[in-house]
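Here is the structure we will look at, set down as structure tokens.
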Amino acid sequence: MHRRTLLWTVLFLAGGAFLAWRASLGAGSGYVQRIGETVVAATPAEHAAGLADFSWPRTIGTWVAAFFTLAILSFLYRDNPFYKFAESVVVGVSAAYAMVVGFWTVLVPNLIGALLPEVVQSWAMPGHSPVRDERWWLDLVPLALGVMLLWRLAPKGSWISRWPLAFIIGATAGIRLVGYIQADFLSQIRNSIQPLVAIDGGFDPWGTLRSTLVVASILACLTYFFFSFEHKGALGKVARSGIWVLMITFGAMFGYTVMGRIALLAIRFEFLFDTWLWLIDPLGRRVGM
């Protein structure tokens, strides 16, 4: 335990000294440039040329972002207080941001703006119409449901919140079901109904092969899920080929997901090594310094 404590102490001191050295060279600094009445981000090269000014808010933001990035990545070693702190901050900030966005984009224009349009126009949204709709009283229904939903915070009568919650879940499920049927199910059926022989100004062998392969793969997958007959003989061979098609599809989907996550990781590493520590300069933002 003593050796481990000594090792971590040395690592923290070495890391602090390295960060102090990079900070003395200007690493992690943010700069802004004023164009008329607009303030935009600037590069270190523009600052060195005297065209931009140092910005404390952007510099502090860069260092805070680097701290939270390293705190999240520290979970690769093990669970620790830095990761827990960063996780709590991310969850809290995300919830607060979603609440503020929902208030200004949903509650104010759709509910308060429908009940009190003149107040919303003079207070928050100058472009909002001050004329109240003829059926404005219908908006009292979502207001009542919202109040009933907040009743869950009361010590007694929390059962009242089950009614609006059930309505929200049912309505959302219905809307999403229709959306998924139109976007996924029907579109896939429409794309699978295509001519086997592709003719685009002449016979297209590759297009014909692609269309035939798509239709054959779909039929093989459907055969695998056809359980009215035992999968033996020719039917069993087609069903086994459907398994291969499904495995290839799942593998491609998983690979696509992994590629997306690796891209996000590469972006964070680029932020750490370029924007924060100035160890690399792929965009040439510090050329001429």
To the nearest 0.5 Å, what is the distance between [atom1] ([X]) and [atom2] ([Y])?
X	Y	atom1	atom2	value
Ile243	Cys221	CD1	SG	10.0 Å
Ser161	Leu145	OG	CG	11.5 Å
Arg135	Leu140	CZ	CG	14.5 Å
Arg132	Leu115	CZ	CG	7.0 Å
Ile160	Leu165	CD1	CG	13.5 Å
Ile60	Ser29	CD1	OG	11.0 Å

Open item on the list: Pair Tyr180, Phe185 - check side chain to side chain contact (heavy atoms under 4.5 Å, CB included), show working.
Closed with: CA-CA 7 Å; Tyr180 280 127; Phe185 187 69; over 6 Å; no
Which atoms form the tightest heavy-atom contact between [X] and [Y], and what is the distance?
X	Y	value
Ala27	Trp63	O-CZ2, 3.7 Å
Gln121	Pro130	OE1-CB, 3.4 Å
Thr62	Gly28	CB-O, 3.7 Å
Ser192	Val215	O-CG2, 4.0 Å
Pro142	Leu111	CG-CD1, 4.4 Å
Phe226	Phe229	CE2-CD1, 3.2 Å

Side chain [X], main chain [Y], donor-acceptor under 3.5 Å:
X	Y	result
His231	Arg240	no
Thr172	Ile169	no
Asn191	Ser187	yes
Arg22	Trp278	yes
Gln182	Gly179	no
Ser24	Trp21	yes
Thr59	Gly30	yes
Gln33	Val40	no
Thr212	Leu209	no
Asp281	Arg286	yes

Open item on the list: Once you measure the plane-to-plane angle for Trp8 and Phe12, does it fall in the parallel (<30°), tilted (30-60°) or perpendicular (>60°) bin?
Closed with: tilted
TODO: Look at the aromatic rings of Tyr31 and His47 and report parallel, tilted or perpendicular, splitting at 30° and 60°.
DONE: parallel
I'd like to know whether [atom1] of [X] has more than 12 heavy-atom contacts from other residues, nucleotides or ligands below 6.0 angstrom.
X	atom1	result
Trp151	CH2	no
Phe68	CZ	yes
Phe203	CZ	yes
Trp163	CH2	no
Phe167	CZ	no
Met253	CE	no
Phe18	CZ	yes

Task: Trp276 vs Leu70, side chain to side chain contact (heavy atoms under 4.5 Å, CB included): CA-CA, chis, key distance, verdict - done: CA-CA 12 Å; Trp276 182 40; Leu70 294 177; 3.7 Å; yes
Can you tell if the side chain of [X] reaches within under 4.5 Å of the side chain of [Y], non-hydrogen atoms only?
X	Y	value
Leu149	Ile168	yes
Phe82	Phe67	yes
Leu246	Phe225	yes
Phe54	Trp56	yes

Task: Verdict with reasoning, His128 to Val108, per side chain to side chain contact (heavy atoms under 4.5 Å, CB included) - done: CA-CA 10 Å; His128 189 75; Val108 171; over 6 Å; no
Open item on the list: One pair to check against salt bridge (charged side-chain N to carboxylate O under 4.0 Å, His left out): Asp274 and Arg285. What are the steps and the verdict?
Closed with: CA-CA 10 Å; Asp274 181 19; Arg285 297 184 305 168; 3.4 Å; yes
Open item on the list: As a quick check of understanding, evaluate ring pair (Phe, Tyr, Trp, His ring centres under 6.0 Å) for Trp123 and Trp104, giving each step before the final call.
Closed with: CA-CA 12 Å; Trp123 161 53; Trp104 286 105; 5.6 Å; yes
So if you build clusters from Ile, Leu, Val, Met, Phe, Trp, Tyr with side-chain heavy-atom gaps below 4.5 Å, do [X] and [Y] land together?
X	Y	value
Met247	Phe254	no
Ile112	Leu138	yes
Val119	Phe103	yes
Leu25	Leu19	yes
Tyr224	Leu235	no

TODO: Assess Arg162 against Trp159: is NZ or CZ under 6.0 Å from the centre of the six-membered ring, and within 45 degrees of the ring's axis?
DONE: no
- [ ] Assess the side chains of Thr69 and Arg268: does a donor N or O sit below 3.5 Å from an acceptor N or O?
- [x] yes
TODO: With side chain to side chain contact (heavy atoms under 4.5 Å, CB included) as the test, would you mind laying out the steps for Leu143 and Asp139 before giving the verdict?
DONE: CA-CA 7 Å; Leu143 177 61; Asp139 294 294; over 6 Å; no
TODO: Any side chain to side chain donor-acceptor pair (under 3.5 Å) involving residues 71-97? Give me the pairs, sequence neighbours left out, ordered by first then second residue.
DONE: Ser74-Asn80
